[in-house]
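Let me begin by presenting the structure, written as structure tokens, before commenting on it.
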Amino acid sequence: MSRVSQGAIFALGNPLLDISGEVTPEFLAKYKLKSNDAILADESHVAMYKEMVDKFSVQYIPGGATLNSIRYTQMLLGGETRQACTYVGCVGQDEYAEKLQQLCTADGVNVNFMRTDKAPTGTCAVCITGNDRSLVANLAAANLYDKAAHLQSPAVWSLVEKAKLFYCAGFPLTVTPDGLLLLAKHAAQCNKIFTTNLSAPFIVQFFKDQLMALIPYTDYLFGNEAEAADFATHNGGPSSGDVRQIAKWASKLPKENASRPRYVVFTQGLEPTLVAKDGEVVLEVPVEKLDSSKIVDTNSAGDSFVGGFLAALAKGLDLQSSVRLGQAAAAYCIKKPGSVFDASDAPGIWKAAGL
């Protein structure tokens with residue numbers, strides 16, 4: 001395994017402070033939420049954040065899909081390299097922003113926030129019922145990220161140039177699709193690795209043009225079975241819902257940097273993780289089933305999978321090892337309440353992956 005250099009991984013996302021707690025089905029019904037979904041907040045959700053804090057026991061955790069993944073990647077690499085990961089996004093000028101900065105810095109992530117006085121730091125309600133979670137994100141300041149003012153500034157762009165591996169979840173396509181495309185094109189032109197995620201059904205449905213503009217520059221595409229099915233349905237792919245066929249189709253979509261193949265990595269809950277390349281499924285890795293009594297919260301399971309996968313990829317490990325570390329990170333994550341971890345547990349996650 002190669003050593004990962006400082007700043008080798010660069011990520012752009014929507015930084016949020018998660019408000020996480022167990023709620024009731026009645027609470028979900030009141031705000032017309034599905035038990036296992038991710039949406040953007042609108043006016044009908046304004047009151048739910050205060051109601052959630054007032055009625056239920058909640059925990060505050062650094063959040064946003066990209067940041068969840070990057071914190072896990074950094075945790076798994078932190079034993080040898082602090083600040084292997086750089087993260088950018090927009091926050092407010094408030095207490096929540098300071099808390100995010102402090103928590104991420106303590107995790108070893110090099111955060112470079114753009115700060116605005118035009119909106120507060122974004123929040124995400126993580127509404128847990130049983131083993132399901134419903135995410136309702138109020139982007140607030142995260143929605144104001146400006147690539148010209150921040151990403152292309154000399155200080156930040158120098159970090160882009162230093163990086164070798166890029167990750168952006170699909171959610172920032174609602175905020176700065178041109179920022180993601182700028183990073184993706186840079187990666188393709190410099191033969192670096194760009195990775196992204198389908199992230200949620202609403203991304204592949206309502207932001208499909210922005211997503212499909214990014215796909216030709218994408219070397220690794222992540223998603224789960226539900227996102228894969230919607231991705232295919234809304235973008236001219238197989239309509240059968242067969243995840244294998246969808247993975248094959250997605251791996252053959254147009255690609256700019258022909259020197260790198262595209263890998264499509266689809267998780268399927270307890271079913272095997274599939275990886276497709278050049279129109280074929282090249283890897284199927286079974287998932288080790290956990291006793292349901294050990295599952296605390298499936299929030300961030302997909303994010304932690306990506307975090308583990310990226311950590312192995314950054315160290316130059318093979319495809320199977322990357323999937324196994326992703327699965328081990330996800331198995332660890334779902335035993336915890338939200339995207340939390342103890343850095344001292346990192347060696348155990350590597351060991352659980354057989355690495």
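Since the structure is predicted, the reported quantities are computational estimates derived from the model, not experimental observations.
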Next on the checklist: Do Tyr332 and Leu317 land in one hydrophobic cluster if side-chain heavy atoms of ILVMFWY residues count as linked below 4.5 Å?
Outcome noted: yes
Item to check | Test ring pair (Phe, Tyr, Trp, His ring centres under 6.0 Å) applied to Tyr263 - qualifying residues, sequence neighbours left out | outcome: Tyr220
Item to check | For Thr86, all residues meeting side chain to side chain contact (heavy atoms under 4.5 Å, CB included), sequence neighbours excluded | outcome: Phe10, Asn110, Asn112, Leu159
Checklist entry - Does any pair with a residue in residues 51-80 pass ring pair (Phe, Tyr, Trp, His ring centres under 6.0 Å), and if so which ones, sequence neighbours excluded? => result Phe27-Phe56, Tyr72-Phe341
Item to check | Nearest non-hydrogen partners of Met52 and Val126, listed with the distance | outcome: CE-O, 3.2 Å
Checklist outcome for this item: So CZ of Phe305 and OG of Ser300: to nearest 0.5 Å the spacing works out to 14.5 Å
Checklist entry - Taking a hydrophobic cluster as the set of Ile, Leu, Val, Met, Phe, Trp and Tyr residues connected by side-chain heavy atoms closer than 4.5 Å, whether directly or through intermediates, do Met114 and Leu183 fall within one such cluster? => result yes
Please tabulate, one pair per line, all N/O donor-acceptor pairs under 3.5 Å involving side-chain atoms of residues 192-199, not counting sequence neighbours.
{"unit_1": "Lys192", "atom_1": "NZ", "unit_2": "Val160", "atom_2": "O", "d": "3.4"}
{"unit_1": "Lys192", "atom_1": "NZ", "unit_2": "Glu161", "atom_2": "O", "d": "2.8"}
{"unit_1": "Lys192", "atom_1": "NZ", "unit_2": "Ala163", "atom_2": "O", "d": "2.8"}
{"unit_1": "Lys192", "atom_1": "NZ", "unit_2": "His186", "atom_2": "NE2", "d": "2.9"}
{"unit_1": "Thr195", "atom_1": "OG1", "unit_2": "Phe166", "atom_2": "O", "d": "2.8"}
{"unit_1": "Thr196", "atom_1": "OG1", "unit_2": "Cys168", "atom_2": "O", "d": "2.7"}
{"unit_1": "Asn197", "atom_1": "OD1", "unit_2": "Ser199", "atom_2": "N", "d": "3.0"}
{"unit_1": "Asn197", "atom_1": "ND2", "unit_2": "Tyr167", "atom_2": "OH", "d": "3.2"}
{"unit_1": "Ser199", "atom_1": "OG", "unit_2": "Gly170", "atom_2": "N", "d": "2.8"}
{"unit_1": "Ser199", "atom_1": "OG", "unit_2": "Asn197", "atom_2": "O", "d": "3.4"}

Checklist entry - What pairs of residues pass the ring pair (Phe, Tyr, Trp, His ring centres under 6.0 Å) test when at least one of them lies in residues 127-149, not counting sequence neighbours? => result Tyr145-His150
Item to check | Test item: Lys208 side-chain N/O and His234 main-chain N/O as donor-acceptor pair under 3.5 Å | outcome: yes
Next on the checklist: So which atom in Pro238 and which in Gln245 form the shortest heavy-atom distance, rounded to 0.1 Å?
Outcome noted: CG-O, 3.8 Å
Checklist entry - Can you check whether Ala84's main-chain N or O pairs, donor with acceptor, with Gln74's side chain at less than 3.5 Å? => result yes
Checklist outcome for this item: Nearest heavy-atom approach of Thr116 to Cys90 is CG2-SG, 3.7 Å
Item to check | Within-4.5 Å side-chain heavy-atom neighbours: Ser259 and Asn191 | outcome: yes
Item to check | side chain to side chain donor-acceptor pair (under 3.5 Å) involving Ser293 - partner list, sequence neighbours excluded | outcome: Asp291
Checklist outcome for this item: Interatomic distance, CD1@Ile19 vs SG@Cys127, rounded to 0.5 Å, equals 9.5 Å
Checklist entry - Between Glu280 and Lys252, is there a salt bridge with N-O shorter than 4.0 Å? => result no
Checklist outcome for this item: Smallest heavy-atom separation, Ala169 atom then Leu180 atom, equals O-CD2, 4.0 Å
Next on the checklist: Same cluster or not: Val4 versus Phe309, using hydrophobic residues (I, L, V, M, F, W, Y) connected whenever any side-chain heavy atoms lie under 4.5 Å apart?
Outcome noted: yes
Next on the checklist: I'd like to check Asn257 versus Arg260 (side-chain heavy atoms, cut-off strictly below 4.5 Å). Are they in contact?
Outcome noted: yes
Checklist outcome for this item: Hits for ring pair (Phe, Tyr, Trp, His ring centres under 6.0 Å) against Tyr87, two or more places apart or cross-chain, chain-then-number order -> none
Checklist entry - Under a 4.5 Å cut-off applied to non-hydrogen side-chain atoms, are Ser35 and Arg133 in contact? => result no
Checklist entry - Taking Arg262 for the side chain and Thr218 for the main chain, is one N or O donor matched with an acceptor at less than 3.5 Å? => result yes
Item to check | Nearest heavy-atom neighbours spanning Ala137 and Tyr49 | outcome: C-OH, 3.7 Å
Checklist entry - Should Met48 and Leu33 count as side-chain neighbours, where that means a heavy-atom distance under 4.5 Å? => result yes
Checklist entry - Less than 4.5 Å apart, any side-chain heavy atom of Leu283 and any of Val323? => result yes
Checklist entry - Is the shortest side-chain N to carboxylate O distance from Glu284 to Arg244 below 4.0 Å? => result yes
Checklist entry - Rounded to the nearest 0.5 Å, what separation is found between the CG atom of Asp178 and the CG atom of Leu214? => result 11.5 Å
Checklist entry - Do Leu310 and Val285 share a hydrophobic cluster, counting only Ile, Leu, Val, Met, Phe, Trp and Tyr and linking them when any side-chain heavy atoms are less than 4.5 Å apart? => result yes
Checklist entry - Are any non-hydrogen side-chain atoms of Asp345 and Lys336 less than 4.5 angstrom apart? => result yes
Checklist entry - Mind checking who shares a hydrophobic cluster with Val340, ILVMFWY linked at side-chain heavy-atom distances under 4.5 Å? => result Ile61
Checklist entry - Can you name the residues that form a ring pair (Phe, Tyr, Trp, His ring centres under 6.0 Å) with Tyr217, not counting sequence neighbours? => result none
Checklist entry - Is Asn235 reaching over with its side chain to a backbone N or O of Phe231, donor-acceptor style, under 3.5 angstrom? => result yes
Item to check | Shortest non-hydrogen contact between Trp249 and Ala232, atoms and distance | outcome: CZ3-CA, 3.8 Å
Item to check | Cluster link Leu100 to Val156, ILVMFWY, side chain under 4.5 Å | outcome: no
Checklist entry - Counting distance only, does the side-chain N/O of Lys248 pair as donor-acceptor with the main-chain N or O of Lys277 below 3.5 Å? => result no
Checklist outcome for this item: Applied to residues 39-53, the salt bridge (charged side-chain N to carboxylate O under 4.0 Å, His left out) test, sequence neighbours excluded, yields Lys30-Glu51, Lys50-Asp54, Glu51-Lys55
Checklist entry - For Phe171, does its backbone N or O pair with a side-chain atom of Thr174 as donor and acceptor, under 3.5 Å? => result yes
Item to check | Residue pair Pro62 / Arg71, side-chain heavy-atom distance below 4.5 Å | outcome: yes
Checklist entry - Which ILVMFWY residues are connected to Ile334, directly or by a chain of links, through side-chain heavy atoms under 4.5 Å apart? => result Leu290, Ile295
Checklist entry - Under a 4.0 Å N-O cut-off, is there an ion pair linking Asp132 with Lys34? => result no
Checklist entry - Could you state the interatomic distance from OG1 (Thr66) to CG (Leu16), rounded to the nearest 0.5 Å? => result 9.5 Å
Checklist entry - Where the side chain of Ser240 meets the backbone of Asp242, is there a donor-acceptor pair that is under 3.5 Å apart? => result yes
Checklist entry - Is the backbone N or O of Gly92 less than 3.5 Å from a side-chain atom of Thr121, with the two atoms forming a donor-acceptor pair by type? => result yes
Next on the checklist: Strictly by salt bridge (charged side-chain N to carboxylate O under 4.0 Å, His left out), give each pair with a member in residues 304-320 just once, sequence neighbours left out.
Outcome noted: Glu80-Lys315
Item to check | From CG (Leu211) to CD (Gln205), nearest 0.5 Å | outcome: 12.0 Å
Next on the checklist: So does Asn224 get a backbone contact from the side chain of Glu227, meaning a donor-acceptor N/O pair under 3.5 Å?
Outcome noted: yes
Checklist entry - Which value, rounded to the nearest 0.5 Å, describes the distance between Leu76 atom CG and Leu325 atom CG? => result 5.5 Å
Item to check | Side-chain (Arg324) to main-chain (Ala353) donor-acceptor, under 3.5 angstrom | outcome: yes
